[in-house]
2 protein chains.
Amino acid sequence: MTDAAPRLDQMLCFALYSANGAMNRAYKPALDALGLTYPQYVTLVALWERDGRTVGQLGEALFLESNTLTPLLKRMEAAGLVRRQRDPEDERQVRVFLTDDGRAMQARAADVPTRMLKALGCDAEAIAALATEVTAARDRVVGAKAA
Amino acid sequence: MTDAAPRLDQMLCFALYSANGAMNRAYKPALDALGLTYPQYVTLVALWERDGRTVGQLGEALFLESNTLTPLLKRMEAAGLVRRQRDPEDERQVRVFLTDDGRAMQARAADVPTRMLKALGCDAEAIAALATEVTAARDRVVGAKAA
DNA sequence: TAAATTTATATCGTGGACGACATGATCGTG
DNA sequence: CACGATCATGTCGTCCACGATATAAATTTA
C-alpha cells in the first residue's frame, strides 16, 4: 500500500548495477592491453589464489555456474592461459590449471588494482570498508534466496 | 612495486560485480512474473519518473549507450510497454513513450522494491546509506575516466 | 551387481553490454 | 546555398549471464 514509486537514484540495486558497469568501463583499457575481459581477469585472480580448482569450486568463488564458466574457460584455454583436465579420481570433475602464460599474467596485471584505487580517489581504507559493506549486502541477498 | 597480489574478497570491483549478480538473481522471480528483465525494469522506472525522453536521455539516466538501448527498447516495444517515435523537431532523436500497459505495469510492480528491502534485512536506512555510498563511488569512477 | 538417483560439466537459446562502424539529420561556415 | 563536421541513433560481432536441458560418471538402493 505504502509502496512508494521507486526512484532510480534511491535503489540499491541500481546503484550496484550502474557502479558495476562503471567499474567495468574503467577496467577495460587496462584489461584490453592484456587481452583479458573482466570475468576472465577475476577468474585468473581466483586461480592465482589457488590453482587446480574444479569448475564447481571456481563457480562457488566467482558466483557463476558451469553454463557461464565452461565457455569462458574454453576461451581462456584457447588463449593459452589455462589448461582444463578431467580429474582422474572423479571423472565428472574438470580441474583448471594455470599455464606458464597464465602465471606470468599475474606480474603483467599487478598494477591493475592499484590503478583502480587511484581512479577511486586512492582512499584505500574507505574503499576497503565499502567493499566489505557491499559484500555483506551481497551475502544477505544470497542468503535470502534460501530462506 | 608494492602492488600486492589482489584477493577477490578485498576487491571493490568484485564486490560490486558479485553483489550485482546476486541482486539480479533475487529480482528475477518477481520480474519473471511480470515478463520483464532487470534492464527493462529500470528503463520503466526511468520512464515512470519522466516519460517521453529521448534515447540519449534514457542512456544518461541508465548509464547505457544506444547500441544497448535500441534493441532493449525494441523488445519493450514488441512487448507493448513503450512506443518509439522520431521527434518532429529534430528527426535525429527518438523519443520513448509509455503505453497504457507500460503505465499499468507501475502498479503491478509496486511491491518489487519493497520485497527486495525485505530480502536485504529490511533495514531501510542502512540500505539507503549503502546505496548513497555506492553511487558516490560510481560517480568517482565515472569522473576519473574524464580526468 | 543392476537399476535408480544424484552430481559435475556441458550445450543451447535469449537477452544484455560494448567497441567499431554505418546512416541519416542537423548545424556551421564559407 | 553548399559542403563538411557533428550528432543521434542504429547495426554487427563478441563475450557474458542464466534457465532449461542433456550427458556421463559416481553413488545409493534394491
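Proteins come first, then strands; the chains are lettered A, B, ... in the order of their sequence lines, and each starts at number 1.
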Euclidean distance, atom [atom1] of residue [X] to atom [atom2] of [N] [Å, nearest integer]:
X	N	atom1	atom2	result
A/Arg25	C/dG16	CZ	P	16 Å
B/Met76	C/dG15	CE	C1'	13 Å
B/Arg86	C/dA25	CZ	P	8 Å
A/Leu69	C/dT11	CG	P	13 Å
B/Leu62	C/dC18	CG	P	12 Å
B/Tyr17	C/dG16	OH	C1'	13 Å
A/Asp87	C/dT9	CG	C1'	13 Å
B/Gln40	C/dG15	CD	P	8 Å

Reading DNA chain D from 5' onward, which residue's closest nucleotide shows up sooner: A/Leu64 or A/Glu91?
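On the 5' side of the pair lies A/Leu64.
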DNA chain D nearest-nucleotide lookup for A/Pro39 and A/Pro88: closer to the 5′ end is A/Pro39
Which part of the nucleic acid does [X] contact within heavy-atom distance under 4.0 Å: base, sugar-phosphate only, or nothing?
X	value
B/Glu65	nothing
A/Arg95	nothing
A/Thr68	base
B/Asn67	base
B/Thr37	sugar-phosphate

When you look at B/Asp51 and B/Val96, which way does the side chain to side chain contact (heavy atoms under 4.5 Å, CB included) test go after all the steps?
CA-CA 7 Å; B/Asp51 197 7; B/Val96 183; over 6 Å; no
For residues B/Thr54 and B/Arg95, is any side-chain donor paired with an opposing acceptor at under 3.5 Å?
no
Short side-chain donor-acceptor distance under 3.5 Å, B/Arg108 and B/Gln106:
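Checked: B/Gln106/B/Arg108 side chains show no N/O donor-acceptor pair below 3.5 Å.
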Please answer whether the main-chain N or O of B/Thr135 pairs with a side-chain N or O of B/Arg140 as donor and acceptor at a distance below 3.5 Å.
no
For the side chain of B/Ser66 and the backbone of B/Leu69, is there at least one donor-acceptor N/O pair under 3.5 Å apart?
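Not at all, since once roles are kept as given, no pair shorter than 3.5 Å links the two residues.
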OP1 or OP2 of C/dA10 sitting under 4.0 Å from any side-chain N/O of A/Arg92?
no
Phosphate OP1/OP2 of C/dT11 contacted by A/Lys74 side-chain N/O (<4.0 Å)
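Yes, because at least one side-chain N or O of A/Lys74 sits under 4.0 Å from OP1 or OP2 of C/dT11.
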Which two nucleotides bound the region of DNA chain D that has atoms under 4.0 Å from heavy atoms of chain A, read 5' to 3'?
D/dC15 to D/dA26
So do the side chains of B/Arg138 and B/Val134 get within less than 4.5 Å of each other, counting heavy atoms only?
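They are not in contact (no side-chain heavy atoms under 4.5 Å apart), so the answer is no.
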Quick one: does A/Leu73's side chain get under 4.5 Å of A/Val55's, heavy atoms only?
yes
Name of the residue among A/Tyr38, A/Phe63, A/Tyr41, A/Tyr27 meeting ring pair (Phe, Tyr, Trp, His ring centres under 6.0 Å) with B/Tyr17
A/Tyr38
The answer to which of B/Asp90 and A/Asp90 contacts DNA chain C further toward the 5' end, by nearest nucleotide, is A/Asp90
Base C/dA10 paired with A/Ser66 side chain (donor-acceptor, <3.5 Å)
yes
